[in-house]
Amino acid sequence: MSGNITFTMIKPDAVRNNFIGPILKMINENGFRIKALKMTHFTKERAEAFYGVHAGKFFFDGLVEFMSSGPIVAAILEKENAIEDYRILIGNTNPEKADEGTIRKLYAESFTANAVHGADSDENAIREGSFFFAEMEQF
Ligand code: IDP
Ligand code: MG
């Protein structure tokens, strides 16, 4: 059982496709409280730093290009067992493999343009949230 905070982003494809509203609605309806919310834009440099763990992988350059291609929405979410429960709600990284009813199944465009990000550990939720929210330590 992990902590009660996770970090998410609505990625540029979902923002372009007008899915901010439906995705936030799903987040709320699945028991998450939105603790902080910001619409913003990654520079290429900040996207490279955010996804630094993937540097050198075949998809890295395309991922950085995509993530800096338009606005994103960053948010801190609260729920018991937040990390694990949110990863279930978003579905598999590859939307073709995502279960029915998951955010990625419903709203993703492709493997890279897969609608949303979800932190994979308490530690990464803090690290990633700190990219966007100075008050991260309060959550
Ligand atoms: P996650 O977002 O489900 O945690 P990660 O493995 O952390 O998946 O990868 C980060 C992001 O990089 C993915 O959400 C996706 O946008 C992109 N990505 C990962 N693997 C691939 C791939 O094999 N092809 C294309 N894009 C990928
Ligand atoms: Mg990941």
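Numbering of ligands and ligand atoms starts at 1, following listing order.
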Does an N or O anywhere in Asn114 fall below 3.5 Å from an N or O of ligand 1?
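Asn114 vs ligand 1: N/O contact under 3.5 Å present.
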
Consider every N or O of Arg104 and every N or O of ligand 1, then say whether any pair is closer than 3.5 Å.
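Indeed, backbone or side chain, Arg104 has an N or O that close.
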
Between Phe7 and Phe132, is the ring centroid distance below 6.0 Å?
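Ring centres of Phe132 and Phe7 closer than 6.0 Å.
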
Using side-chain heavy atoms (C-beta onward) and a distance below 4.5 Å, is Asp122 in contact with Ile83?
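They are in side-chain contact.
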
With a distance cut-off below 6.0 Å to the six-membered ring centre and an angular limit of 45° from the axis, does [X] pair with [Y] as a cation-pi contact?
{"X": "Lys79", "Y": "Phe32", "value": "yes"}
{"X": "Arg46", "Y": "Tyr51", "value": "no"}
{"X": "Lys11", "Y": "Phe66", "value": "no"}

With heavy atoms only and a cut-off of under 4.0 Å, state how Phe59 meets ligand 1: side chain, backbone, both or neither.
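Just the side chain.
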
Residue part near ligand 1, for Phe58, under 4.0 Å between non-hydrogen atoms:
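Phe58 to ligand 1: side-chain contact only, backbone stays beyond 4.0 Å.
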
Pair Glu109-Asn17, side-chain donor/acceptor within less than 3.5 Å
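Yes - a donor-acceptor pair under 3.5 Å links their side chains.
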
Whether the Thr6 and Arg87 side chains hold a donor-acceptor pair (N or O, under 3.5 Å, no angle test) is what I'd like checked.
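Not at all, the side chains of Thr6 and Arg87 share no donor-acceptor pair under 3.5 Å.
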
Show the atoms of ligand 1 that are less than 4.0 angstrom away from any heavy atom in Lys11.
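Close to Lys11: 13 (C), 14 (O), 16 (O).
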
Any atoms of ligand 1 less than 4.0 Å from a non-hydrogen atom of Thr112? List them with their elements.
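That gives atoms 16 (O), 25 (C), 26 (N) of ligand 1.
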
Give me the nearest non-hydrogen protein atom to [atom] as residue plus atom name, then the distance to 0.1 Å.
{"atom": "atom 3 (O) of ligand 1", "value": "Thr93 OG1, 2.5 Å"}
{"atom": "atom 15 (C) of ligand 1", "value": "Phe111 O, 3.4 Å"}
{"atom": "atom 6 (O) of ligand 1", "value": "His54 CE1, 3.7 Å"}

Please verify whether a non-hydrogen atom of Arg87 lies at under 4.0 Å from ligand 1.
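The answer is yes, since Arg87 has a heavy atom less than 4.0 Å from ligand 1.
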
Should Leu77 and Ile72 be regarded as members of a common hydrophobic cluster, given that ILVMFWY residues are connected when their side-chain heavy atoms come within less than 4.5 Å of each other, either directly or indirectly?
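No, because Leu77 and Ile72 fall into different hydrophobic clusters, even though each may have its own neighbours under 4.5 Å.
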
Heavy-atom nearest option to atom 11 (C) of ligand 1, drawn from Leu63, Val116, Ile90
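The option holding the nearest heavy atom is Leu63.
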
